[in-house]
Amino acid sequence: TRSTRPQRMLKAVQKNATKGNPESVISAIDYFCKHSEWAMNVGDEKGSILDSVVTEVNPSTVLELGTYCGYSTVRIARLLSPGTKFITLEFNPANVTVARQIIAHAGIQDKVTVVEGSSGDLIPQMKERFGITTFDFIFLDHWKDRYLPDIKLFEECGLLRKGSVLLADNVICPGAPEYLEYVRNSPRYESRYYPAHLEYTKVEDGLEKSVFLG
Ligand SMILES: CCCNc1ncnc2c1ncn2[C@@H]1O[C@H](/C=C/CNC(=O)c2cc(-c3ccc(F)cc3)cc(O)c2O)[C@@H](O)[C@H]1O
Ligand SMILES: [Mg+2]
């Protein structure tokens, strides 16, 4: 049967990227998406903003929602200090399989745990299963209509502390209007929009960075 886009992306990484070199994996995926097939990775323009926020926060605990093929997972993991706890959640088992291989090719498999399952089920298990008390940095890039319910779940589960940073992809395209309305109007968050473009296109998109105020 015909391969899937994530499988073709993995082949391109295995063919074109240097094993153990995260930057070459990132470049190989961006090249694949620009010259072969568009895919919903955060991409290089928004990826650079992601890099700068991760570097600024220098987190000890990180959570990513929506691993997909592991592109942003590699971007984040390559910047983390040793000993940082990084968990990424992905509910599609086929994507978990591809992501784990892309992450391994980049050589950063020891820096991140890819957990198969849905955020709604796994977020309440973070404390007991992974010994996490709070997350310093959270990257939201899963189904856009799940951003709001999941941020509320973080609050209910006591997984945010004063200063926790949430960075959300695609707040313009495809859009997360209810999430934006919540973080921009809630007194419990200080929010800022980073304008950019939809990955590999000229379409407007951007990232929303929201700091939990406690
Ligand atoms: C109810 C389940 C919610 N919880 C979840 N928990 C764990 N993993 C979840 C997940 N939801 C989705 N996922 C996974 O994240 C990934 C989904 C991401 C959704 N992203 C998008 O839809 C998206 C879409 C676009 C896009 C933009 C323009 C366009 F024309 C077409 C697409 C651009 C992006 O950057 C995007 O991130 C998949 O791998 C999916 O299996
Ligand atoms: Mg996205």
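In what follows, every heavy atom counts, from backbone to side chain, and hydrogens, waters and symmetry copies are set aside. Predicted, not measured: the structure shown is a model, and the values here were computed from it. When a ligand or atom number is given, it counts from 1 through the structure's own listing order.
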Among all protein heavy atoms, pick the one closest to [atom] and tell me residue, atom and distance.
atom: atom 13 (N) of ligand 1; value: His142 CB, 3.9 Å
atom: atom 39 (O) of ligand 1; value: Glu90 OE1, 2.7 Å
atom: atom 32 (C) of ligand 1; value: Trp38 CH2, 3.7 Å
atom: atom 17 (C) of ligand 1; value: Trp143 CZ3, 3.3 Å
atom: atom 24 (C) of ligand 1; value: Pro174 CG, 3.6 Å
atom: atom 15 (O) of ligand 1; value: Gly66 CA, 3.3 Å
atom: atom 30 (F) of ligand 1; value: Leu198 CD2, 5.0 Å
atom: atom 2 (C) of ligand 1; value: Phe91 CE2, 3.1 Å

[atom1] of [X] to [atom2] of [Y]: how many Å apart, nearest 0.5 Å?
X: Ile123; Y: Leu63; atom1: CD1; atom2: CG; value: 6.5 Å
X: Ile87; Y: Ile132; atom1: CD1; atom2: CD1; value: 4.0 Å
X: Glu116; Y: Leu89; atom1: CD; atom2: CG; value: 11.0 Å
X: Tyr200; Y: Asp44; atom1: OH; atom2: CG; value: 6.0 Å
X: Met40; Y: Arg5; atom1: CE; atom2: CZ; value: 9.5 Å
X: Asp205; Y: Leu198; atom1: CG; atom2: CG; value: 5.5 Å

Fill in: Lys/Arg-Asp/Glu bridge criterion (N-O < 4.0 Å) met for Arg78, Asp51
yes

Between [X] and ligand 1, is there a nitrogen or oxygen pair with a distance under 3.5 Å?
X: Glu199; value: yes
X: Asp169; value: yes
X: Asn41; value: no

| request: Take Asn58 and Ser81 through the test side-chain hydrogen bond (donor to acceptor under 3.5 Å, both in side chains) and record every step on the way to the result. | output: CA-CA 8 Å; Asn58 188 26; Ser81 309; 3.1 Å; yes

Problem set entry | Tyr182 six-ring centre to Lys152 NZ/CZ under 6.0 Å and within 45° of normal | yes

Open item on the list: As a test of understanding, state which of Thr88, Ile151, Asp150 forms a side chain to side chain contact (heavy atoms under 4.5 Å, CB included) with Leu65.
Closed with: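 Result: among Thr88, Ile151, Asp150, Asp150 is the only option passing the side chain to side chain contact (heavy atoms under 4.5 Å, CB included) with Leu65.
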
Checklist entry - Just wondering, is there an N, O or S atom on Glu199 that's nearer than 2.8 Å to the Mg ion (ligand 2)? => result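 Short answer: no, not a single N, O or S atom is under the cut-off.
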
Atoms of ligand 1 less than 4.0 Å from [X] heavy atoms?
X: Ser118; answer: 6 (N)
X: Asn92; answer: 41 (O)
X: Ser119; answer: 3 (C), 4 (N), 5 (C), 6 (N), 7 (C)
X: Tyr68; answer: 39 (O)
X: Asn170; answer: 33 (C), 34 (C), 35 (O), 36 (C), 37 (O)

Proximity to ligand 1 by part of [X], non-hydrogen separation under 4.0 Å:
X: Thr67; value: neither
X: Arg146; value: side chain
X: Asp141; value: both

Which of Glu208, Arg184, Lys209 passes side chain to side chain donor-acceptor pair (under 3.5 Å) with Ser191? It is Glu208

Note to self: The test is ring pair (Phe, Tyr, Trp, His ring centres under 6.0 Å); show your working for Tyr147 and His142 and say whether it passes.
What the structure shows: CA-CA 8 Å; Tyr147 285 16; His142 58 329; 5.4 Å; yes

I'd like to know if [X] contacts ligand 1, where contact means a heavy-atom distance under 4.0 Å to any ligand atom.
X: Gly120; value: no
X: Gly117; value: yes
X: Leu65; value: no
X: Tyr147; value: no

Out of the N/O/S atoms in Asp141, what is the name of the one closest to the Mg ion (ligand 2)?
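Of all N, O or S atoms in Asp141, the Mg ion (ligand 2) lies closest to OD1.
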
Give the C-alpha distance, both sets of side-chain angles, the deciding distance and a yes or no for side-chain hydrogen bond (donor to acceptor under 3.5 Å, both in side chains) between Ser72 and Glu64. CA-CA 9 Å; Ser72 48; Glu64 174 180 61; 2.5 Å; yes

Exercise. Counting heavy atoms not belonging to Arg192, are there more than 12 under 6.0 Å from its CZ?
Worked result: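 No.
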
Intermediate values then yes/no, side-chain hydrogen bond (donor to acceptor under 3.5 Å, both in side chains), His105 and Asn21 = CA-CA 8 Å; His105 197 88; Asn21 181 329; over 6 Å; no

Vertex the Mg ion (ligand 2), ends Asn170/OD1 and Asp169/OD2: angle to nearest 10° comes to 80°

